[in-house]
Amino acid sequence: MTHNSLSFLKGHGTENDFVIIPDPDNAIELSASAVAKLCDRRAGLGGDGVLHVVRSAAHPDAAHLAGEAEWFMDYRNSDGSIAEMCGNGVRVFARYLQHAGHVEPGDLAVATRGGVKHVHLDKSGNVTVAMGRAVLPEGEVTVSVGERSWPARNVNMGNPHAVAFVDSLDDAGTLHTAPPFSPASAYPTGVNVEFVVDRGPRHVAMRVHERGSGETRSCGTGACAVAVAAIRRDGLDPAATGDPVTYTVDLPGGTLVITEHPDGRIDMTGPAVIVASGEFEAAWLTETAFG
């Protein structure tokens, strides 16, 4: 990085792609409009979101976690809104830390607004994230596309999800706009909506509308929510059986493997790749993106 430019990288996890902004000292102010312009696929760098890489001690939202995790994933959706967590983003974030020489393969902790996430970087290229435990709020929820509606399972993975099992992934429509849901009180800040079909024993496929980003090629927390919903639907709750359960979840951008343990812990395993690095001009930054 020079005085005339700022560094960035691009990475993806099962084709859920991100602009990575290294900023250890939290010196760059990322407004919502700046993030949206960075993620613009025509006029910006393009991405489903921004991974702002900051030391936990340097960020007011994560300073209280600095004793547990050196690095904070300040995650933003492509529209500039702040999200609590992003499962694919955590994997790419961890891969970046390795790429930059901040960590070695093995175990590390990453601070997020959804809490500290424990990550394992293996030498094969896969990354496993301990995603915490799902919360299953009570109450009936429905989601709609056009004139059709389906019951949905309310699953919270640190961010909210509505999981609907359908006959065909085409039932989800275009997913250009957020599918309506009811009751409104179930998701006061919006929701990620997953449409799911069966592919085989303990094997499902999904499409997702991510809150603040539209349809994306993959959603890590969404895949976890889908696996939890499928496990409950199939009567395989590990807390009841005493055995861990693993589901394979196919997404448009690839495949994730989700395991729920008897104590409720959920592990997500999948690839994470750094594909490019570069710089953007300070003039473009100040005049176009960071007004």
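Sequential numbering from 1 along the given sequence is applied to the chain's residues.
The distance from the CH2 atom of Trp71 to the CG atom of Leu65 is 15.0 Å, given to the nearest 0.5 Å. Considering CG of Leu236 and OG1 of Thr246, their distance stands at 11.0 Å, rounded to 0.5 Å. Interatomic distance, Tyr75 OH to Leu51 CG, rounded to the nearest 0.5 Å: 7.0 Å. Rounding to the nearest 0.5 Å places CD of Glu70 at 14.0 Å from CD of Glu68. In this structure, the separation between CG on Asp250 and OG1 on Thr255 is 4.0 Å, given to the nearest 0.5 Å. Atom NE2 of His102 sits about 6.5 Å away from atom CG of Leu97, to the nearest 0.5 Å.
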Handout entry: Verdict with reasoning, Phe280 to Ile21, per side chain to side chain contact (heavy atoms under 4.5 Å, CB included)
Key = CA-CA 11 Å; Phe280 46 107; Ile21 304 294; 4.0 Å; yes
Practice task
Quick one: do Asp79 and Ser81 satisfy side chain to side chain donor-acceptor pair (under 3.5 Å)? Show the steps, please.
Solution key: CA-CA 6 Å; Asp79 67 352; Ser81 60; 2.6 Å; yes
Practice task
For side chain to side chain contact (heavy atoms under 4.5 Å, CB included), just list the numbers for Phe8 and Leu38, CA-CA rounded to whole Å, side-chain angles, deciding distance to a tenth of an Å, and then say yes or no.
Solution key: CA-CA 10 Å; Phe8 76 94; Leu38 285 170; over 6 Å; no
Handout entry: side chain to side chain contact (heavy atoms under 4.5 Å, CB included) between Cys86 and Phe18, worked out
Key = CA-CA 11 Å; Cys86 174; Phe18 307 96; 3.7 Å; yes
Exercise for the section: Test side chain to side chain contact (heavy atoms under 4.5 Å, CB included) on Val163 and Val196 and set out the steps. Expected result: CA-CA 7 Å; Val163 180; Val196 187; 3.7 Å; yes
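When all heavy atoms of Leu256 and Ala223 are compared, the pair lying nearest together is CD1-CB, 3.8 Å. Here the closest heavy-atom approach between residue Thr216 and residue Ser213 is recorded as CG2-CB, 4.1 Å. In this structure, Thr259 and Pro244 approach most closely via the heavy-atom pair CG2-CB, 4.2 Å. Thr221 and Met157 get closest at one heavy-atom pair: O-CG, 3.7 Å.
Under 3.5 Å, the side chains of Ser218 and Asn88 contain a donor-acceptor pair of N or O atoms. Remark: the Asp122 side chain and the Ser124 side chain contain an N/O donor-acceptor pair separated by less than 3.5 Å. Under 3.5 Å, the side chains of Asn192 and His209 contain no donor-acceptor pair of N or O atoms. Between Tyr247 and Asp234, the side chains place a donor N or O and an acceptor N or O closer than 3.5 Å (distance only, hydrogens not considered). Side-chain polar atoms of His161 and Asn154 form no donor-acceptor pair below 3.5 angstrom. Counting only N and O atoms by type, the side chains of Ser149 and Thr142 include no donor and acceptor under 3.5 Å apart.
Judged by the 6.0 Å distance and 45° axis criteria, Arg233 is positioned over the aromatic ring of Phe165.
With respect to Arg207 and Glu194, no salt bridge is recorded, no charged nitrogen being found less than 4.0 Å from a carboxylate O. With respect to the salt-bridge test (charged N to carboxylate O, under 4.0 angstrom), the residues Arg41 and Asp48 qualify. Using a 4.0 Å cut-off between charged nitrogen and carboxylate oxygen, Glu84 and Arg211 count as a salt-bridge pair. Between Arg133 and Asp263, at least one side-chain N (NZ, or NE/NH1/NH2) sits under 4.0 Å from a carboxylate O, which counts as a salt bridge. Remark: Arg76 engages Asp74 in a salt bridge, criterion side-chain N to carboxylate O under 4.0 Å. By the 4.0 Å N-to-carboxylate-O rule, Glu260 lies too far from Arg265 to be salt-bridged with it.
Checked options Val103, Asp107, Val110; the residue passing with Val119 is Val110 (criterion: side-chain contact (heavy atoms from CB on, under 4.5 Å)). Checking Ile258, Thr248, Val226 one by one against Val204, the side-chain contact (heavy atoms from CB on, under 4.5 Å) holds for a single residue, Val226.
Residues Val193 and Phe181 fail the side-chain proximity criterion, which asks for heavy atoms closer than 4.5 Å. When side chains are defined from C-beta on, Pro60 counts as touching Asn26, because their heavy atoms get closer than 4.5 Å.
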